[in-house]
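Report on one structure; see the data block that follows.
Start at 1 and go down the list; that is how both ligands and their atoms are numbered.
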Amino acid sequence: MTERTVLISPSLLSCDFAEIARDVAMVEAAGADWLHIDVMDGHFVPNLTIGPPVVKAISKVATVPLDVHLMISEPARYAEAFAKAGAYVLTFHWEVAPSVEEARAVIQAFRDAGVEKVGVSVNPDTCQEPLAELFDEVDLILIMSVFPGFGGQKFIAEVLDKVRWLRAAGYEGWIEMDGGVNADTIASCAEAGTDVFVAGSAIFGAEDIPGTIESFRSTATERMHVG
Ligand code: DX5
Ligand code: ZN
């Protein structure tokens with residue numbers, strides 16, 4: 001069995017955007033392994049967030065890797081901008097390149113742009129099975145456990161079957177769960193085979209942020225070996 005390490009990636013969507021540097025330093029000091037940055041284009045999802053200049057500004061103050069989640073219609077077009085801005089993981093959505101050929105073209109564009117780690121994501125109502133063809137070409141598979149666009153939504157437990165399916169099909173890279181991850185849902189994610197945990201409202205809304213990250217890590221580490 002592959003030995004996996006739990007990674008906690010707080011979503012900056014729930015930080016105070018007027019105090020990003022302060023909140024980055026705060027979650028890093030609290031134990032964040034990565035920083036999850038949600039990029040939305042008002043087209044693929046019904047919300048607008050941030051673009052490459054802000055990612056670049058974050059990269060200047062961050063000391064942990066940037067985990068950039070592109071919820072945009074034309075990911076290849078912006079690959080270079082996000083790579084230059086300092087993205088470590090760059091994830092696109094399968095729904096905008098919904099065939100192995102189209103997805104491969106996006107992956108190639110990301111690699112050509114110098115992206116270190118490439119991720120692909122599926123929405124809660126998208127079948128993950130075609131991703132089997134891409135297991136050797138991606139570093140991370142992001143399973144959306146809410147419909148993308150907003151923080152603070154309820155976890156959709158049915159997506160846990162996708163994680164189990166990916167592990168049973170032999171995928172050994174990172175599996176990241178995004179949406180509604182909190183103290184009540186993290187154990188089931190870990191048991192299913194998740195190793196990267198995004199949490200926005202559950203971390204930034206917590207009274208004790210270091211304690212929350214520590215308890216997420218210990219629960220996930222314990223449960224990932226049970227599943
Ligand atoms: C939703 C984003 C998530 C979001 C998660 O579209 O992709 O990363 O910030 O927020 P919570 O953890 O509050 O569900
Ligand atoms: Zn996200």
Here the vertex angle at the Zn ion (ligand 2) for NE2 of His36 and OD1 of Asp38, given to 10°, is 90°

Please calculate the OD2(Asp178)-the Zn ion (ligand 2)-ND1(His69) angle and round it to 10 degrees.
90°

Report, in ascending order of atom number, the atoms of ligand 1 lying under 4.0 Å from any heavy atom of Phe150.
1 (C), 6 (O)

Using distance alone, determine whether Gly200 and ligand 1 share an N or O pair under 3.5 Å.
yes

Ligand 1 atoms in contact with Met40 (distance to a heavy atom under 4.0 Å):
6 (O)

Decide whether an N or O pair under 3.5 Å exists between Gly152 and ligand 1.
yes

Does a side-chain N-to-carboxylate-O contact under 4.0 Å join Arg104 and Asp136?
no

Would you tell me which option among Leu12, Asp38, Ile203 has the nearest heavy-atom contact to atom 4 (C) of ligand 1?
Asp38

Protein heavy atom at shortest distance from atom 9 (O) of ligand 1:
Ser11 OG, 2.8 Å

Atom indices of ligand 1, in the order listed, that fall short of 4.0 Å to a heavy atom of Ala199
12 (O)

Residue pair Arg217 / Leu7, side-chain heavy-atom distance below 4.5 Å
no

Only one of Val196, Ile8, Ile203, Asp178 forms a side chain to side chain contact (heavy atoms under 4.5 Å, CB included) with His36, so which one is it?
Asp178

What closest approach, in Å, do Phe216 and Ala199 show between heavy atoms, and which atom pair accounts for it?
CE2-CB, 4.0 Å

List every atom of ligand 1 that sits less than 4.0 Å from any heavy atom of Met71, numbering the atoms from 1 in the order shown and giving each element.
6 (O), 7 (O)

Heavy-atom gap Gly149 to ligand 1 smaller than 4.0 Å
yes

Under 4.0 Å from one or more heavy atoms of His69, ligand 1 contributes atoms 7 (O)

Less than 4.5 Å apart, side chain to side chain, heavy atoms only: is that true for Ser11 and Asp38?
yes

Does one side chain, of Asp67 or Ser9, offer a donor that lies under 3.5 Å from an acceptor on the other?
yes

For a side chain to side chain contact (heavy atoms under 4.5 Å, CB included) with Phe155, tell me which candidate from Ile186, Thr185, Asn182 qualifies.
Thr185

Quick check: do Trp94 and Leu134 have side-chain heavy atoms less than 4.5 Å from each other?
yes

His36 heavy atoms within 4.0 Å reach ligand 1 at atoms 8 (O)

Residue portion contacting ligand 1 (non-hydrogen atoms closer than 4.0 Å) for Ser201
both

Sub-3.5 Å N/O-N/O distance, Gly180 and ligand 1:
yes

Side-chain contact, heavy-atom cut-off 4.5 Å: Asp41 with Val39?
no

Could you give the distance from CZ (Phe197) to OG1 (Thr219), rounded to the nearest 0.5 Å?
9.5 Å

Under 4.0 Å from one or more heavy atoms of Pro148, ligand 1 contributes atoms 6 (O)

Compare Asn182, Asp178, Val39 and give the one whose heavy atom is closest to atom 3 (C) of ligand 1.
Asp178

Compare Gly151, Gly179, Cys15, Gly205 and give the one whose heavy atom is closest to atom 10 (O) of ligand 1.
Gly151

Can Leu66 be reached from Phe204 by stepping across I, L, V, M, F, W or Y side chains whose heavy atoms are under 4.5 Å apart?
yes

